[in-house]
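Input: a single structure, listed below in structure tokens.
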Amino acid sequence: MGDRLGEQHQTGADGKAHGGSMRPRRARRWALLVVVLSVAVLAWSCVFHGGVTRRPVSFLTTGDAVIALRIGRGWTTVAEDEPYYDGWIVLLNAQGQGTVASVDLVAGADVLWSDRGIFYGSGSRNYVTTDSGTQVSKSDNGTREEIQRYELPGGQLVTLVPKHWEYNDGDVQSDSSITTVETAGITGDFGQCGSRILAITDTKESPSIADAAFEAYAAQANSEDAVPEALTAVVQLNAPEGDAPRILAVTPVIDNVVSGHNMFACDGDVITLQSVEEVNPGTPDNMMAHERYRWVLRRWDLSTGQRTNIPVTDPNGELFETDDKWFLSGYRGVQVGNEYRLVDRDDRALGVDLTSGRVRRLFYTDPRMPVSGSYWMTYQVNEDGVYALGESHKDHVITLFIMPWDGKEWREIFTTEDLSGYLKEGWFSGELKVQSFAVRPGWNGGAQ
């Protein structure tokens, strides 16, 4: 200790002998070190992969981006308490160049690009990226699984999740314009109509609604009517009535109908859900799918509580033939006037009249990728047409196409190899995939 103190006294004496304290010199050294470290951190945060720059998520702006991609896994792992960093948000312009940022893993909901900005997140954060920057706020998700993200007419952003709990993070403030809505034990079909987030379910698959559903049914039924064993109901998930779900319409249970979607067609109080009805239940296995199932529109008028099933027919008035029970599973659709236009799992673009049920075959939605070998497609639709994002399995080359609804020709927007490194670098799951994508509102694929 004495030697150490002696060294300190000697250092001080040397400093005085040279005419001043050593503190300014040390301060300059520390300032230089801070600058060097800052530059290193910035260089690390701005890693280049060809035409794609990696940045911290707080640095993102929409800029000239026309598409936002979510890269990650389609499922979660057993060790839910482990931190994961194999989730990415990617913003690309019409030439396939842009930025990528790590946003942790989340499975389920699509990226939402609304007039307010690009809305995405993780179990602990919500992000809204605009032309002026990225707003980061607390998420009370508490889960790495989401069902869908929506924007209400007033601009409020909503994340629909199967369950969540309070997530306490003192470093980030909450944002009252972003909210989480829980399904509260309800399973079934989900969607948005105006300011309402809705579920169509029944009391067998969602017992939590049973008391409220039977109470609502008793209020509208005749006293002579037999009470059904089960009920189907339209339930509003946001703005509940206390702890009880808000029942908007209720009827005897609809048997032998499946859908499993997160989007409805809406016209005021009338909602329409694409569904498949089993018309010959219990029939032999050798019966063709189109003989056993039919495509129907489940139509609810919430102002009257009336429910109708409209069979979907081809231009000749014949029932539309379905290839299997789940041919509508995972479809992408958009309402254009009185027609609902969608892409089914068989890569067909179809348009169905919401009143008559008459369907049009528009085109097949599988463009030719500019690479050889196998690949898979992810679709999005809007009023302009169908966007198809193709990824080659071997090289992870990504190509974005658009087909206008007139079905004349596919137009390639860009092809890029710059995301291949991110699609290969999943820590726990191996190769990642493009979970979903969204295009800038009002952008028509660059058409003149």
Side-chain angles (χ1 to χ4, degrees), residues 107-110 141 143 145-150 152 158-164 180-217 228-241 243-266 269-278 281 293-302 305-310 322 324-333 335 340 342 344-345 354:
D110 294 339
N141 245 358
T143 178
E145 181 180 359
E146 300 176 344
I147 296 173
Q148 193 58 285
R149 288 176 178 255
Y150 305 99
L152 302 184
V158 176
T159 306
L160 181 64
V161 299
K163 62 180 179 178
H164 76 282
T180 298
V181 173
E182 184 181 350
T183 59
I186 296 174
T187 60
D189 305 305
F190 304 99
Q192 175 186 2
C193 280
S195 61
R196 298 178 290 200
I197 308 299
L198 303 177
I200 298 179
T201 185
D202 62 52
T203 55
K204 294 183 295 184
E205 62 182 359
S206 303
S208 62
I209 73 164
D211 291 344
F214 277 101
E215 182 179 346
Y217 183 78
E229 293 184 2
L231 298 170
T232 296
V234 180
V235 184
Q236 182 172 343
L237 299 177
N238 58 331
E241 297 176 325
D243 295 331
R246 185 187 294 269
I247 305 296
L248 303 184
V250 61
T251 68
V253 71
I254 305 172
D255 288 320
N256 306 317
V257 176
V258 297
S259 44
H261 309 308
N262 299 330
M263 55 184 69
F264 304 146
C266 302
D269 283 330
V270 178
I271 61 176
T272 305
L273 177 65
Q274 313 292 327
S275 305
V276 174
E277 181 180 19
E278 187 174 12
Y293 305 104
R294 66 176 183 176
W295 181 7
V296 297
L297 305 180
R298 293 167 62 187
R299 195 170 174 86
W300 292 77
D301 187 337
L302 301 183
Q306 183 180 7
R307 181 205 76 208
T308 55
N309 280 4
I310 303 173
T322 59
D324 61 72
K325 182 178 182 180
W326 303 105
F327 90 101
L328 284 174
S329 176
Y331 79 89
R332 300 290 180 175
Q335 186 173 344
Y340 199 76
L342 60 92
D344 70 5
R345 66 181 300 175
L354 292 171

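Atoms considered below: every heavy atom in the structure, side chains included; atoms not considered: hydrogens, waters and symmetry mates.
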What pairs with Arg299 under salt bridge (charged side-chain N to carboxylate O under 4.0 Å, His left out), at least two apart in sequence or on another chain? none
Closest non-hydrogen contact found for Gly305 with Ala249 is CA-CB, 4.2 Å
By side chain to side chain contact (heavy atoms under 4.5 Å, CB included) - contacts of Ser195 (at least two apart): Pro153
Which of Ile271, Asp189, Val235 passes side-chain contact (heavy atoms from CB on, under 4.5 Å) with Leu198? Answer is Ile271
What's the spacing between Leu160 CG and Asn238 CG if we round to 0.5 Å? 9.5 Å
Nearest heavy-atom neighbours spanning Tyr340 and Gln274: CD2-NE2, 3.4 Å
So, do Phe264 and Ile200 sit near enough that their side-chain heavy atoms are less than 4.5 Å apart? yes
Residues in salt bridge (charged side-chain N to carboxylate O under 4.0 Å, His left out) contact with Asp211, at least two apart in sequence or another chain: none
Is there a side-chain contact between Arg298 and Thr272, using heavy atoms and a 4.5 Å cut-off? no
Spatial distance of atom CG (Leu273) from atom CE (Met263) [nearest 0.5 Å]: 11.0 Å
Quick check: closest heavy atoms across Pro162 and Thr183, and the distance to 0.1 Å? O-OG1, 3.1 Å
Side chain to side chain donor-acceptor pair (under 3.5 Å) involving Gln335 - partner list, sequence neighbours excluded: none
Hey, what do you get for NZ (Lys204) to OG1 (Thr187), rounding to the nearest 0.5 Å? 11.5 Å
What distance separates Glu277 CD from Tyr293 OH, expressed to the nearest 0.5 Å? 12.0 Å
Identify, with sequence neighbours excluded, every residue that meets salt bridge (charged side-chain N to carboxylate O under 4.0 Å, His left out) alongside Arg332. Asp110
Excluding sequence neighbours, so at least two apart, what forms side chain to side chain contact (heavy atoms under 4.5 Å, CB included) with Glu215? none
Counterpart residues, ring pair (Phe, Tyr, Trp, His ring centres under 6.0 Å), relative to Tyr331 (two or more places apart): His261
Counterpart residues, side chain to side chain contact (heavy atoms under 4.5 Å, CB included), relative to Ala216 (two or more places apart): Ile247, Val250
Walk me through it: do Thr308 and Asp301 pass the test side-chain contact (heavy atoms from CB on, under 4.5 Å)? CA-CA 9 Å; Thr308 55; Asp301 187 337; over 6 Å; no
For Thr203, give me all partners under side chain to side chain contact (heavy atoms under 4.5 Å, CB included), at least two apart in sequence or on another chain. Ile209, Ala210, Ala213, Phe214, Ala230, Leu231
For residues Arg196 and Asp269, determine if any side-chain heavy atom of one lies less than 4.5 Å from a side-chain heavy atom of the other. yes
Using a 4.5 Å cut-off on heavy atoms from C-beta on, say whether the side chain of Trp300 contacts that of Leu248. no
Please name all residues satisfying side chain to side chain donor-acceptor pair (under 3.5 Å) with Glu205, sequence neighbours left out, ordered by chain then number. Thr201
Value for CD1 (Ile254) from CG (Asp202), rounded to nearest 0.5 Å, stands at 8.5 Å
The criterion is side chain to side chain donor-acceptor pair (under 3.5 Å); which residues satisfy it with Gln148, sequence neighbours excluded? none
Excluding sequence neighbours, so at least two apart, what forms ring pair (Phe, Tyr, Trp, His ring centres under 6.0 Å) with Trp295? Phe320, Phe327
